[in-house]
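As the structure is a computational prediction, the values presented were derived from the model and not from experiment. All residue numbers in this chain count up from 1 along the given sequence. As the structure lists them, so they are numbered: ligands from 1, and atoms in each ligand from 1.
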Amino acid sequence: MDSAAQAFRHWRRDEARRRQALRDCAAALRARANELGRVLTQEQGKPLAKGIGEIHGAAFWFDYTASLEIPVEVVQDDASKRVEVRRRPLGVVGAITPWNFPVILASWKIAPALLAGNTVVIEPSPFTPLSTLALGEALRSVLPPGVLNVVSGGDALGAWVSTHPAVRKVSFTGSVSTGKKVAAAAAPDLKRITLELGGNDPAIILPDVEPKQIAERLFWGAFENSGQVCSAVKRVYVHEDRQQALLDELAQLARSVKVGPGLEADTQLGPINNRPQYERVCGLVAEALSSGARAVAGGKPAGRDGYFFQPTILTGVAEGMRIVDEEQFGPALPVLTYRDVDDAVERANATMFGLSGSVWSSDPQRAAEVAARLECGTAWVNQHLDILPTAPFGGAKWSGIGVENGKWGLFGFTETQVIDIAKG
Ligand code: NAD
């Protein structure tokens, strides 16, 4: 914390230098993408191509962020005065990240925080500290001392970051329950906070859809990273006329994907990352099955050493079952039916989660109108999970406070200052 506070005094002064440093970070990550990707796969579990892809994704984010403007907006300039709105850095940023995408989610925080002139202390999840430590090691050669600090340890360290007096802003990604603790911990010191929290994303399939055409995209919208994605599809609402055809398509995909260790060449889905999460997914699926749900694919552990779970498609599910009402964060997808679109929208919104959602139709315009009625930060049409560096990403309701990415994410690492100059 001391070294971040010291570094801030100089780092804040030279915007052009910071911009160049971000580009150098991108180059440093690309140069070591294979090595870092392997570390990520070994501790997180995702297929190696995805691990390496995540490092390239982070490099892309650094490069893109380097191109963002920190604007000086002039709101009045006449004979009497000139009034400018500027954006100042906040100081030391405490960044706290989860275990599902440790590197790219770190880059969403580090790159804009540094561009704005802040310095960073980042605490990775205790389940995946190594790839963030390796990231810090890679960036050490291009960033001045103290500008970026990676500190790994247990959960208590996250609590320490969110209460430390040197920290002026906490940027947190993780679960709703921990997010609430961070908000409470930051309040007495009025630290600024951005919270990117969990989701229970609905996908509404309109009756005009041909299930065969959307099944693959929908499947990967739910099962990417073995379902361990904040904004994965976590509940499907399909019109009852299309239910059977969609279940058949999804079940076939679920049975055909290759589940295995991330370092095995043909693996498409890795294991669940850690034992508590594995046990949670096993429990949610078992509970649904014993309450009347039926698995049209999967339904149990994959029967090999490790936290492998069969990709699971559930029917006969309903609101009131935990697999529907809670965030499962694993490779199990409940498929619910509806008759009336208004009813589907109401049920999709009947939750305190509000991260993202999607609507699927052969008429994208009609789908966009339904999508706009979803109470969430991002509503996709005929796709799910396409997160962009250019657009703000964040959650409504309990899924978060504030946003990341694009100029909106950058502004979250700044405070406005008005310079009001009297003339004459
Ligand atoms: P988590 O809340 O258990 O942990 C997240 C981080 O918080 C870890 O680094 C942990 O060490 C730290 N932490 C633990 N206790 C803390 C405390 N009292 N104060 C401060 N920090 C503390 O979450 P997780 O299990 O690592 O991640 C999964 C969750 O993250 C899911 O709910 C998922 O939806 C969410 N997530 C959200 C986004 C998003 O952008 N909205 C992205 C990825 C994951």
- Query: Going by the atom numbers of ligand 1, which of them fall below 4.0 Å from some non-hydrogen atom of P124?
  - Reply: 9 (O)

- Of all the heavy atoms in F172, does at least one lie under 4.0 Å from an atom in ligand 1? yes

- Query: Can you find a protein heavy atom under 4.0 Å from atom 4 (O) of ligand 1?
  - Reply: no

- Message: Can you report which non-hydrogen protein atom sits closest to atom 35 (C) of ligand 1, along with the distance?
- Response: G174 O, 3.1 Å

- So does R192 pair up with E415, basic N to acidic O under 4.0 Å? yes

- Message: Among all the protein's non-hydrogen atoms, which is closest to atom 10 (C) of ligand 1, and how far away is it?
- Response: D155 OD1, 3.3 Å

- Where does the angle between the aromatic ring planes of H384 and W380 fall among parallel (under 30°), tilted (30 to 60°) and perpendicular (over 60°)? tilted

- Query: Side chain or backbone of F101 under 4.0 Å from ligand 1, or both, or neither, by non-hydrogen atoms?
  - Reply: neither

- Note on the structure: heavy-atom search around atom 27 (O) of ligand 1 in the protein gives P98 CB, 3.2 Å

- Measure across T128 and S131 and return the closest heavy-atom pair with its distance rounded to 0.1 Å. O-OG, 4.1 Å

- Task: For K258, look at atom NZ and say whether over 12 heavy atoms of other residues, nucleotides or ligands are found less than 6.0 Å away.
- Result: yes

- Message: Checking the N or O distance criterion of under 3.5 Å, is ligand 1 in contact with G154?
- Response: no

- Message: Could you check whether any side-chain heavy atom of F413 comes within less than 4.5 Å of a side-chain heavy atom of L115, counting everything from C-beta outward?
- Response: no

- Run the ring-centre check on F393 versus W108 and record whether the distance is less than 6.0 Å. yes

- Kindly indicate whether the side chain of L247, heavy atoms from C-beta on, has any atom under 4.5 Å from the side chain of V335. yes

- Distance-minimising heavy-atom pair for A4 and N149: CB-ND2, 3.5 Å

- Message: When you measure from the heavy atoms of F393 to every atom of ligand 1, does any distance fall below 4.0 Å?
- Response: yes

- Can you find a heavy atom in the side chain of W398 that is under 4.5 Å from one in the side chain of S177? no

- What atoms of ligand 1 come within less than 4.0 Å of a heavy atom belonging to I96? 6 (C), 7 (O), 9 (O), 12 (C), 20 (C), 21 (N)

- Nearest protein heavy atom to atom 8 (C) of ligand 1, by residue and atom, and its distance? T97 O, 3.4 Å

- Task: Show which atoms of ligand 1 fall inside a sub-4.0 Å distance from at least one heavy-atom site of V182.
- Result: 19 (N), 20 (C)

- Item | Distance filter under 4.0 Å to S125 heavy atoms, resulting ligand 1 atoms | 8 (C), 9 (O)

- Message: Check this for me - ligand 1, S399, N or O atoms closer than 3.5 angstrom, yes or no?
- Response: no

- Closest to atom 17 (C) of ligand 1 among protein heavy atoms sits T178 CG2, 3.7 Å

- Note on the structure: Closest heavy-atom pair, N100 versus L105, reported as atoms and distance to 0.1 Å, is OD1-CD1, 3.7 Å

- Where is the nearest protein heavy atom to atom 26 (O) of ligand 1: which residue, which atom, and how far? W99 CD1, 3.0 Å

- Item | Numbering as shown, the atoms of ligand 1 that approach L105 to under 4.0 Å (heavy-atom distance) | 42 (C), 43 (C)

- Task: Report yes if the side chains of T173 and K109 come closer than 4.5 Å at any heavy-atom pair, otherwise no.
- Result: yes

- Per side-chain hydrogen bond (donor to acceptor under 3.5 Å, both in side chains), E15 is matched among R12, R17, R19, R18 by R19

- Message: Under 4.0 Å, counting heavy atoms only: does P126 come that close to any atom of ligand 1?
- Response: yes

- Item | Closest protein heavy atom (residue, atom, distance) for atom 44 (C) of ligand 1 | N100 ND2, 3.5 Å

- Before signing off on this row, confirm whether E404 and ligand 1 have an N or O atom pair separated by under 3.5 Å. no

- When rounded to the nearest 0.5 angstrom, what is the spacing between CZ in F329 and OG in S226? 11.0 Å

- Message: Quick check on contacts: which atoms of ligand 1 are under 4.0 angstrom from a heavy atom of G158?
- Response: 19 (N), 20 (C), 21 (N), 22 (C)

- Is it the side chain (CB and beyond), the backbone, both or neither of E327 that lies under 4.0 Å from ligand 1, heavy atoms counted? side chain

- Using distance alone, decide if ligand 1 has a nitrogen or oxygen within less than 3.5 Å of any nitrogen or oxygen in C230. no

- Report the nearest protein non-hydrogen atom to atom 23 (O) of ligand 1: residue, atom name, distance rounded to 0.1 Å. S175 N, 3.4 Å

- Message: Check this for me: does any side-chain nitrogen of one of R347 and E375 sit under 4.0 Å from a carboxylate oxygen of the other?
- Response: no

